[in-house]
Number of protein chains: 2
Amino acid sequence: MENLDIEFTPDSFGERKPSVGIMQSEIIRRICFRKYPPGSQLKEAELAAEFGVSRTPVRDAISRIKHLGLVETCNGVGTVVIELSDEQIRHVYEMRMHLATLFGSMSAKPISEANKACAKQLLDDSKALQQQFSPKRYIELNHQLHNLVTDLIGNTLLQSFWQQSYYQAASTWYRIATLAEADAATGLILELNELNDALQQGGLSEVGFVQRIHIGYGFQRIKEHLLAADADE
Amino acid sequence: MENLDIEFTPDSFGERKPSVGIMQSEIIRRICFRKYPPGSQLKEAELAAEFGVSRTPVRDAISRIKHLGLVETCNGVGTVVIELSDEQIRHVYEMRMHLATLFGSMSAKPISEANKACAKQLLDDSKALQQQFSPKRYIELNHQLHNLVTDLIGNTLLQSFWQQSYYQAASTWYRIATLAEADAATGLILELNELNDALQQGGLSEVGFVQRIHIGYGFQRIKEHLLAADADE
DNA sequence: GACATACTAGCTGTACACACCTAGTGACTA
DNA sequence: TAGTCACTAGGTGTGTACAGCTAGTATGTC
């Protein structure tokens, strides 16, 4: 059952040495996208070899990720991707739903035309996705959607918190979401439709409202899934 | 005018090597308590010598602090404590006021007797402070108050965000607050009185409400101070 | 005298060797 | 046969040397 994890093409970083920042976001991507599912082990030496650097900068990157609450390292054992407990998942979703409601009231900034264009593009892409579903593509589009929304937030701290909570929620959500392919694509299209409306006719508050609703839907699906999993035992 | 920064006794760490976690929180304390005021430089080598370790674990600690948004490092130059712009301060305070309102609604947990006893103790201590004011003591009590409130929060992510936002706000707040000694002590006593009431008769929501109010007062004082500073120029 | 350039001190970034810790395995013993 | 202990493989934690970068200073030239 856990074999649904997405396959990835081996990422080649060529000869150029990536910076610590690049490595950090790449590792986070892999955790969110379930290339490194919860419980899997990150080995500094392996990553160092892959990125073509020594262990030191890799350690640096991992150390930061540790503080985002995505991994945990134990001396002599290794660094493993954290699996959130049911309660922690609830905490994260509670938080995200509340954060979404703050978009409009906290130092809102104007919505640019580029943002609107990006949302339209995403809607088109997700319609294409519905024709031919691919879990990896679904996750990519969802990720782009997240980046778009994050970019709209005016308050820098809220932006940071929104980002952090996404990192924590992503892995779990993508695991559940990609189980039902058709539902996932349909849900994404629905969300993007409403987002486009909010961007065109409303404002940041409306965007937050749309986000809140769909995070709620997502949470609902996760809860159902957890209940079903409990019943299996 | 910037000479009001608190003097610290040279902290001796004896012969025992402190862990990375200890060093991290110690450095954060120094930033919050303005031993390292904004703009000051943190030198890895110096800290390594003081803590009796090599640069490697110190770098580790600083790297984490960097991601809390407290310092910024530039290759070849050094690591300097960040000075928040007026806008960023507004963002932090906006955020904290909103976060406080969420205490009650997000996975609230019961308030222990130990928490209540701690609040009472703090109230007594702050009354003693009013008799004989000391900026350092004021900051310490405020810090303990923060730890107490943080401990009450049930939602782990909210707890983390509350902590982060405190770190960012602390240095600025303590700078302003300790300018007017009498006001500072009186304000603290007032806040602790209300906090005790909230703990005894109310619940977590009431605690959040008290926090929100006093963060608002604090923000007000900061804004006045910033305006006065602008007028000076 | 003013400006451009080369130099230097002092910092962070990286590589690498080694110490330390942990879990698992195998042999030895009651 | 079950339990204990020593050993080992493989991981992270630390120390140290050196490379790379930057700002400030001194020097040389116009």
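Every chain is numbered from 1 and lettered A, B, ... according to where its sequence line falls, protein lines coming before strand lines. Just the heavy atoms: all of them, side chains too, but no hydrogens, waters or symmetry mates, feed the values below.
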Query - Exam field: side chain A:S160 to backbone A:T156, donor-acceptor pair closer than 3.5 Å - result: no
Query raised in the report: Between A:Q164 and B:Q164, is a side-chain hydrogen bond (donor to acceptor under 3.5 Å, both in side chains) present by the stated rule, with each step listed?
Result: CA-CA 12 Å; A:Q164 288 181 47; B:Q164 287 182 47; 3.0 Å; yes
Report task. Measure the distance from CD on B:E72 to P on C:dC11 and round it to the nearest whole Å. Result -> 19 Å
Report task. Applying salt bridge (charged side-chain N to carboxylate O under 4.0 Å, His left out), run through B:R30 and B:E50 and close with a yes or a no. Result -> CA-CA 14 Å; B:R30 293 183 185 181; B:E50 184 196 345; 2.6 Å; yes
Query - Whole-Å distance separating the CZ atom of B:R55 from the C1' atom of C:dC16 - result: 15 Å
Query - Exceeds 12 heavy-atom contacts within 6.0 angstrom, atom CD of B:Q41 - result: yes
Query raised in the report: What's the CD1-C1' distance between A:I22 and C:dT14, to the nearest Å?
Result: 17 Å
Report task. Hey, could you give me the CG/CD1 distance between A:L157 and B:I89, rounded to the nearest 0.5 Å? Result -> 12.5 Å
Report task. For DNA chain C, find the residues of residues 56-63 of chain A with a heavy-atom distance under 4.0 Å and give them by number; none if there aren't any. Result -> A:T56, A:P57
Query raised in the report: Is there a side-chain hydrogen bond (donor to acceptor under 3.5 Å, both in side chains) between B:N115 and B:S112 once you walk through the steps?
Result: CA-CA 5 Å; B:N115 293 142; B:S112 75; 3.0 Å; yes
What N/O pairs connect the protein and nucleotides 8-11 of chain D at under 3.5 Å? Give each pair on its own line.
{"from": "D:dG10", "atom 1": "N2", "to": "A:G76", "atom 2": "O", "distance (Å)": "3.4"}
{"from": "D:dG11", "atom 1": "OP1", "to": "A:K43", "atom 2": "NZ", "distance (Å)": "3.3"}

Report summary line: Sorted by chain and residue number, the side chain to side chain donor-acceptor pair (under 3.5 Å) partners of B:Y166 (sequence neighbours excluded) come out as B:H143, B:Y174
**Report entry** Side-chain N or O of B:S54 closer than 4.0 Å to phosphate OP1/OP2 of D:dA17
**Finding:** no
**Report entry** Pairing of A:R221 and A:E224 as salt bridge, 4.0 angstrom limit
**Finding:** no
